[in-house]
Participant: 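Encoded as structure tokens, here's the structure I'll be asking about.
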Amino acid sequence: LPGAMKEVVLWSPEEVTHWLTENAAPEYCEPLKSFTGRDLISLTEEDFKKTPLCRVSSDSGQRLLHMIETLKMAHHMEAHKNGHANGHVRVGVSGAAWENGFSGKTKLNGMPNGFKKEMIKIPMPEPERSQYPMEWGKTFLAFIYALSCFIFTTVTISVVHERVPPKEVQPPLPDAFFDRFDRVQWAFSICEINGMILVGLWFVQWLLLKYKSIISRRFFCIVGTLYLYRCITMYVTTLPVPGMHFKCSPKLFGDWESHLRRIMKLIAGGGLSITGSHNMCGDYLYSGHTVILTLTYLFIREYSPRRLWWYHWLCWALSMVGMFCILLAHDHYTVDVVVAYYITTRLFWWYHTMANQQVLKEASQTNLLARVWWYKPFQYFEKNVQGIVPRSYHWPFPWPVLQRGRQVKYSRLVSDT
Amino acid sequence: MNTIETAKLEEHMEGQSNDTSNGYSQPTLSVSEENKNSTSKPKGLSNGLRKTTKKYPDYIQIAMPAESRNKFPLEWWKTGIAFVYAVFNLILTTVMITVVHERVPPKELSPPLPDKFFDYIDRVKWAFSISEINGMILVGLWVVQWLFLRYKSIVGRRFFFIIGTLYLYRCITMYVTTLPVPGMHFQCAPKLKGDSQAKVQRILRLISGGGLSITGSHILCGDFLFSGHTVIITLTYLFIKEYSPRHFWWYHLICWLMSAAGIICILVAHEHYTIDVIIAYYITTRLFWWYHSMANEK
């Protein structure tokens, strides 16, 4: 009402009462009925702690104080300080604002310019830390996890080797691929060479990535979990050797020293036949070679620029040829390769789907992806990563980069005006 | 100028509060709650609230768009397609079992593979009947529960699709590599080398008996990786739990116990390798959770 727009300090008690009623604070009319405008604006929180105001106010006068602030601003009070507006009760900030780790401090805009009488609190996110923190400590943990899974796998292979039935007693199982394709002797070397090329390419690519620690953390987590699963499937049921060409090392019945030596040899050789470290049998379901081939390809493709399609095709071809050669060499059953491919792809996609969407990082009724057993560790690793990790690259070494092109020189524009 | 601005704003606010837009407040119900018999009632502003907005001009009305389309259309024809898909895959599995049966090595030539569970626990003969009875009870419970659901067609569609896909995967894994029989107690039907008519008869017998040993229809060997019994038991439990009220904890517990007992009894009866059961459990749970997460997120 235009008539009420005279200075607050000049308000009479009637006008104060009128204002209180207009602004939905009729409960204060009675205790404040003798208050003039000046008394109104000098109300503080202390007053609301004493009678009679403490009896009528349900929120220690917060709302009324806030309205008085608005009133003061509307009348350009000189005494109004910007900082005075802060610290008001955070009304209306739902839990959703806190999810992303933003500290949602509701700042009331104390500037008189562009003010509105009705204040809408907008929680301003204050990203105090980077969206993609490095957190090398977590990466180290993931590395330890992957390493222990590798060692555990090696131990399991050594244990399972003792239980593989000899190929005379238990001939190779019928396999649809083996029926159609005869064995090619050098095929397994191709597979292993492809695997080594892919791992090398992935390593070089990883060096060029900007967010190395996050991505390698993911790699270690996934590869560790895959090898852990592999331990279980290898151990529970032992498949016989897939072909009569296998030359399995003799069994060591309880000789722990030789066991250890074999384990060391396997780890040192990386589990590859090419290095001569893998002459133990029994680790068929599921195929570790397929896991590495598929996983490196998935990571290479995920974390390289979209337009390098020829690079992706090359890696895909390497991966596919590698998997085909495993079967061609009759070194694994077809079901080993199929199951390995399935588990690797699903785990990779599952992990990255959850990592890319903030809403899936909280367990809820609708989020069934959270029911996997590794959800809590996943949350620990990924909770500070906000959003999709961008594919940024940088030169990893602190050498001076070759000067490409002209250096942009900035000069001050001399203005005539 | 500023006071005039404020005055205009005040008038604007009062004017706005007078014609309150009757917006719906959409209660965000989860899918599981929706599938009960509750109907989502659009809540309009109650009469009392509308009156008081005049007195409290600092309330801000947020206009909610009225939902003109039903959120959960029944679309029975899609359920029909899913049903056909599931039936097709079931028949394909049956054909595949018959084909694979011819390739299973005889148990004298290819003894049962070493299995950790079998090393520790000896065979109990009647355990497999328990497993199948549990499976039948769970399926029965699920059908009854499904009849009570409001959105039958949607839930049925999901069930048919998931089970069809699981049986399709099963066809692939059964076919590529043939595992030998898990125990010497197995009595596999004789091989019919090329006798197509007898094969068709076997297929029909298997389908009509539902693939259960109890009905005497499952005399064929070779369908070990992965276990269809585990798939059914796990999947019906997952569906029962997902589409029943949250507070029926005793019901969920009973179903879980039956499910766990059924799966363990498969192993105790030496009817499947441990790896078959593990892989079946893994694939079933992952597919179920994956499908429903995608279905629940927009």
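For the numbers below, each heavy atom of this structure counts, side chains included, while hydrogens, waters and symmetry mates do not.
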Participant: Could you give the distance from OH (B/Y273) to CG (A/L285), rounded to the nearest 0.5 Å?
Facilitator: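 B/Y273 atom OH to A/L285 atom CG measures 12.5 Å (nearest 0.5 Å).
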
Participant: Sort by residue number and list every residue of residues 220-227 of chain B having at least one heavy atom under 4.5 Å from chain A.
Facilitator: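 Against chain A, the residues of residues 220-227 of chain B that fall inside the cut-off (heavy atoms, under 4.5 Å) are B/L225.
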
Participant: For chain A, find which of B/D115, B/D119, B/L179 contributes the most heavy-atom pairs closer than 4.5 angstrom.
Facilitator: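 Heavy-atom pairs under 4.5 Å are most numerous for B/D115.
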
Participant: Between B/F288 and A/L368, is there a side-chain heavy-atom distance shorter than 4.5 Å?
Facilitator: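 In contact.
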
Participant: Side chain, backbone, both or neither: which part of A/D179 has a non-hydrogen atom closer than 4.5 Å to chain B?
Facilitator: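 Interface part for A/D179: side chain.
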
Participant: Taking atom OG1 of A/T334 and atom CD1 of B/I172, what is their separation to the nearest 0.5 Å?
Facilitator: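 So the OG1 of A/T334 and the CD1 of B/I172 are separated by 12.0 Å.
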
Participant: More than 12 non-hydrogen atoms from neighbouring residues, nucleotides or ligands closer than 6.0 Å to CZ on A/F177, yes or no?
Facilitator: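 More than 12 within 6.0 Å, yes.
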
Participant: First locate atom OH of A/Y286, then atom CD1 of B/I275, and finally report the distance between them rounded to the nearest 0.5 Å.
Facilitator: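 Result: 9.5 Å between the selected atoms.
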
Participant: Roughly how far, to the nearest 0.5 Å, is the OH atom of A/Y235 from the OG1 atom of B/T274?
Facilitator: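 Spacing of OG1 (B/T274) from OH (A/Y235) equals 10.5 Å.
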
Participant: With rounding to the nearest 0.5 Å, note down the distance linking OG1 in A/T238 to NZ in B/K116.
Facilitator: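 Here the rounded value is 8.0 Å.
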
Participant: I need the single residue from A/M119, A/R63, A/H66 that forms a side-chain contact (heavy atoms from CB on, under 4.5 Å) with B/D58. Which is it?
Facilitator: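 Testing each of A/M119, A/R63, A/H66 against B/D58, the sole residue satisfying side-chain contact (heavy atoms from CB on, under 4.5 Å) is A/R63.
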
Participant: Kindly give the heavy-atom pair with the smallest separation between A/R163 and B/P114, and that separation in Å.
Facilitator: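 So the minimum-distance heavy-atom pair works out to O-CG, 3.5 Å.
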
Participant: Select one option (side chain, backbone, both, neither) describing which atoms of B/L113 are under 4.5 Å from chain A's heavy atoms.
Facilitator: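 Backbone plus side chain of B/L113, per the 4.5 Å heavy-atom cut-off to chain A.
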
Participant: Under a 4.5 Å cutoff for heavy-atom pairs, which residue among A/V339, A/T233, A/N23 has the most contacts with chain B?
Facilitator: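 Highest number of pairs under 4.5 Å: A/T233.
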
Participant: What part of A/F178 gets closer than 4.5 Å to chain B, counting heavy atoms only: side chain, backbone, both or neither?
Facilitator: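 Neither part; nothing is under 4.5 Å.
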
Participant: Show the nearest heavy-atom pair for residues B/L109 and A/P171, with the distance to one decimal.
Facilitator: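 Heavy-atom minimum between the residues: O-CD, 3.5 Å.
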
Participant: In this structure, are over 12 heavy atoms from other groups packed under 6.0 Å from A/Y341 atom OH?
Facilitator: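 Incorrect, the count does not exceed 12.
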
Participant: Can you name the residues that form a salt bridge (Lys or Arg N to Asp or Glu O under 4.0 Å) with B/R286, not counting sequence neighbours?
Facilitator: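 B/R286 satisfies salt bridge (Lys or Arg N to Asp or Glu O under 4.0 Å) with no residue once adjacent residues are dropped.
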
Participant: Above 12 or not: heavy atoms from other molecules or residues under 6.0 Å from CH2 of A/W373?
Facilitator: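 Yes, the 6.0 Å shell around CH2 holds more than 12 heavy atoms from other groups.
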
Participant: Kindly give the heavy-atom pair with the smallest separation between B/P180 and A/L173, and that separation in Å.
Facilitator: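 Where B/P180 meets A/L173 most closely, the heavy atoms are CD-CD2, 3.2 Å.
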
Participant: Taking all non-hydrogen atoms of both residues, which atom of B/S110 and which atom of A/Q170 are closest, and how far apart?
Facilitator: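 Smallest interatomic distance, heavy atoms only, reads OG-OE1, 2.6 Å.
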
Participant: Flag yes if more than 12 heavy atoms outside A/K376 fall under 6.0 Å of its NZ atom; otherwise flag no.
Facilitator: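 For A/K376, atom NZ is not crowded (no more than 12 foreign heavy atoms under 6.0 Å).
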
Participant: Nearest 0.5 angstrom please: A/W350 CH2 to B/W289 CH2, how far?
Facilitator: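 CH2 of B/W289 is found 6.5 Å from CH2 of A/W350.
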
Participant: Go through A/S364, A/P242, A/A176 and name the one with the most non-hydrogen pairs under 4.5 angstrom from chain B.
Facilitator: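 When all of A/S364, A/P242, A/A176 are compared, A/A176 has the most.
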
Participant: May I ask you to name which of A/D336, A/V335, A/T353 has the most heavy-atom pairs under 4.5 Å with chain B?
Facilitator: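 That would be A/V335.
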
Participant: Examine whether an atom of A/V359 lies under 4.5 Å from a heavy atom of chain B, and if so say whether it belongs to the side chain, the backbone or both; otherwise answer neither.
Facilitator: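 Contact with chain B is through the side chain of A/V359 alone.
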
Participant: Okay, side chain of B/T177, backbone of A/Y333: is any donor-acceptor separation there less than 3.5 Å?
Facilitator: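 No, because the side chain of B/T177 does not come within donor-acceptor range (under 3.5 Å) of the backbone of A/Y333.
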
Participant: Please flag which part of B/F118 lies under 4.5 Å from any non-hydrogen atom of chain A: side chain, backbone, both or neither.
Facilitator: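 The answer is neither part of B/F118.
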
Participant: Side chain, backbone, both or neither: which part of B/Y169 has a heavy atom under 4.5 Å from chain A?
Facilitator: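 Looking at B/Y169, just its side chain touches chain A.
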
Participant: Is it the case that more than 12 heavy atoms not belonging to B/K241 sit under 6.0 Å from its NZ atom?
Facilitator: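 12 or below, so no.
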
Participant: Got more than 12 heavy atoms from elsewhere within 6.0 Å of CZ, B/F186?
Facilitator: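 Buried by this count: over 12 neighbours within 6.0 Å.
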
